Amino acid sequence: MRLTKQFLFLTFAVLAISCGRKVSDVDKKVNDLLSQMTLQEKIGQMNQISVGGDVSNFAGAIRDGQVGSILNEVDPVKINEYQRIAVEETRLGIPLLVARDVIHGFHTVFPIPLGLAATFDPQLVEEVARVAAIEATAQGIRWTFSPMLDIARDPRWGRIAEGSGEDPYLDARMAEAMVYGYQGRTSDSTSMAACIKHFVGYGAAEGGRDYNSTLIPENLLRNVYLPPFEAAVNAGAMTLMTSFNDNDGVPSTGNKHVVKEILRGEWGFDGLVVTDWNSMGEMINHGFAEDRPDAAKKALEAGVDMDMMTYGFIGHLEEMVRSGEVKESQIDAAVRNILRIKVKLGLFEHPYINVEAAEKVQYAPEHLAAAQKSAEESAILLKNDGTLPLKEGLRILVTGPMADAPHDQLGTWVFDGEKSHTVTPLKALQERFPGKVTYVPGLTYSRQERDNFSDVVAAARRADVVLAFLGEESILSGEAHSLADLNLIGSQSELLKALRATGKPVVASIMAGRPLTIERDLENCSAMLYSFHPGTMGGPAIVNLLTGEANPSGKTPVTFLRTVGQAPMYYNHNMTGRPYSGELLMKDIALEAGQTSLGNTSYYLDYGAYPLFPFGFGLSYTSFEYSGISLDRQEYRAEDTIGITFTLANTGSREGTEVAQVYVRDLVGSIARPVKELKHFERITLAAGESRTVKVELPVSSLAFFGLDGSRKVEPGKFQLWVAGDSASGEPVEFEVE
Ligand code: NOJ
């Protein structure tokens, strides 16, 4: 016994010493360099410039030590050349950090992040991010501006496409997965620094209009918007980007409270903080900084280390240090954070890439397989009257603007994926059902208007089943692409209606960058499969789902609205003082009815209180039943773990995967608490007829929140807990925390 203890102690001591040495090796190297650097060289490290930006002599700027990082160069030959200049032609030979927006894949394109979130499969998402890192680092890119962790509760906001949706818990799990995937569990030449963005609150843009102000009070910030970032920091995210928005008047790039106090102070983040593109300069537009020098000073004081494209640091810091306005120690702190990343990535040892090898890893078969798997897992079956899966031998009419749209199915923020590699649904169907597929596009792009569909209707009459591929072009979501109308654009709904009128079974397969308001379209189809833009292998993935070779398992990562006027509407809202209790709708109100407010509750007269589909919803070709939901005790202390047991049965006739979800409600708090919060989920695959008893361990500490006194703790009291297949189902069990 003593021996084992001694052994353990020794092992621990050796480990501690070696880890300690490792950390101090990085810091030693950083300090060594810093001690040799001139003020100009230090400030140069804090400058990030883009190819195609204002710096005409790119190589010259690098040679002059004015650049710490470049973005948007992807030519491996040029990247090697820029690195050579930095390493061989500058005094201290500090390599560049080469950055790129690798958002959902590099060459091989995966579903947009909202689609990846719909998989509820962090393991797969890690794999996907790893593939992106392998492809991008092979070409010399060692820093990606991803993952985007902005909680988005308003589908009008175009960038909802780029995040994981409305839920902080799901977002946090996706955040960790992407950080592990990009950076690798162990560091090597395929490690690509992740950049968690946009810090913070950007997704709460007023009215869903991009770049807009946000009004997020402290408790909401800490309970909803910050947790994904904290999870990513704890997973080791190397860098972070400040956001464009001002929150309650303070632009993030100058927000000392969130960057210095919370990120650095409370969470101990020692990574690199970069601004968003010119977000330093935009503080002048916000009316928060007088001019560029003032903006640079405010950003530095807030805790920013690197300036993306304002030229604020490079243009003004030297002068400000000389005049005493800024201390050199502030600059040193920033440069340390930058150099630390360069050392950790091994850039000093291996600044160059092998150009010949770079091409070979792009679109590797295993990368395409991961793209197909993620596209399969991310599709959500929203309706099915039994038309799906398709029977063999049918004559199929393929129609709609997304049937053969190799560019658009890739989705937003694709700079490097080429449409020539995209496999569209049309192509995949023609391969799968030779001689059985007729293609009449009806509409060639999503915005197209047309009032006569006689050609498509005639073709539909000759077919046994119609597959209508509808949705949005990729350019209609993403940055600066907010929408005020979320119905299917152009004449797509009319096309669907005309097809429905033929009496043939019509399957709508949607590819979009956001949850569209598809209520009327649901009525005009027999089945609907919803994919957020699915990427390179979207075609074969969708065809596998339509034929039943794969069984849909995706779940909505955001609430689907009936009409845009319901936005923002999300499942984890607080309870109002007058929760909805099913009042009259407009159509039922008598003429000249008298004014009353007594007994009224929170809802819309025209659209009621509920969305079209709740968060966490998705059908399968089989059915699942939950039973026997029980807890190991009824009372817990704050340090306990709640043992949850339930039985999940596959009650249908084919194998399927269910995403079992655990939600909790804290009934009374020092501040009003959400009506439900997701606390755990897992994908469970069951054979037809199989049932399994599942155990979940939920630490009571996961119920902690920031309350009235501003501290994070579990408040004693009564709780409810649900285990269900979506956020609107199931019956609660109760427990208490002492
Ligand atoms: C602006 C976007 O907001 C940000 O997400 C992106 O990483 C940068 N531009 C760099 O392209």
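Each ligand, and each atom within it, is numbered from 1 in the order the structure gives. Keep in mind that this is a model prediction, so the values were computed, not measured.
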| query | Would one find more than 12 heavy atoms of other residues, nucleotides or ligands at under 6.0 Å from atom NZ of Lys256? | reply | no
| message | Around atom CD of Glu290, are there more than 12 heavy atoms from other residues, nucleotides or ligands closer than 6.0 Å? | response | no
| task | To the nearest 0.5 Å, tell me how far Leu240 CG sits from Thr275 OG1. | result | 11.0 Å
| note | Near Lys197 (heavy-atom distance under 4.0 Å), the atoms of ligand 1 are 4 (C), 5 (O), 6 (C), 7 (O)
| field | Proximal atoms of ligand 1 relative to Phe145 (non-hydrogen, under 4.0 Å) | value | 7 (O)
| task | State whether Glu176 and Arg173 are salt-bridged, where the test is any N-O pair (Lys NZ or Arg NE/NH1/NH2 against Asp/Glu carboxylate O) under 4.0 Å. | result | yes
| message | Does this structure show an ion pair linking Asp101 with Lys197, if we count only N-O contacts that are shorter than 4.0 Å? | response | yes
| task | Examine ligand 1 and decide if any of its atoms is less than 4.0 Å from a heavy atom belonging to Met148. | result | no
| said: Is Glu162 close enough to touch ligand 1? Criterion: a residue heavy atom under 4.0 Å from a ligand atom. | reply: no
| remark: re atom 6 (C) of ligand 1, the protein heavy-atom contact at minimum distance is Asp101 OD1, 3.3 Å
| query | Of all the non-hydrogen atoms in the protein, which one sits nearest to atom 4 (C) of ligand 1, and at what distance? | reply | Asp276 OD1, 3.3 Å
| said: For the 3.5 Å polar cut-off, considering only N or O atoms, please tell me whether Arg159 and ligand 1 meet it. | reply: yes
| message | I'd like to know whether Phe560 forms a ring-ring contact (aromatic ring centres under 6.0 Å, His included) with Tyr530, so could you lay out the CA-CA distance, the side-chain angles of the two residues, the decisive distance to 0.1 Å, and finally the verdict. | response | CA-CA 11 Å; Phe560 274 55; Tyr530 204 100; 4.9 Å; yes
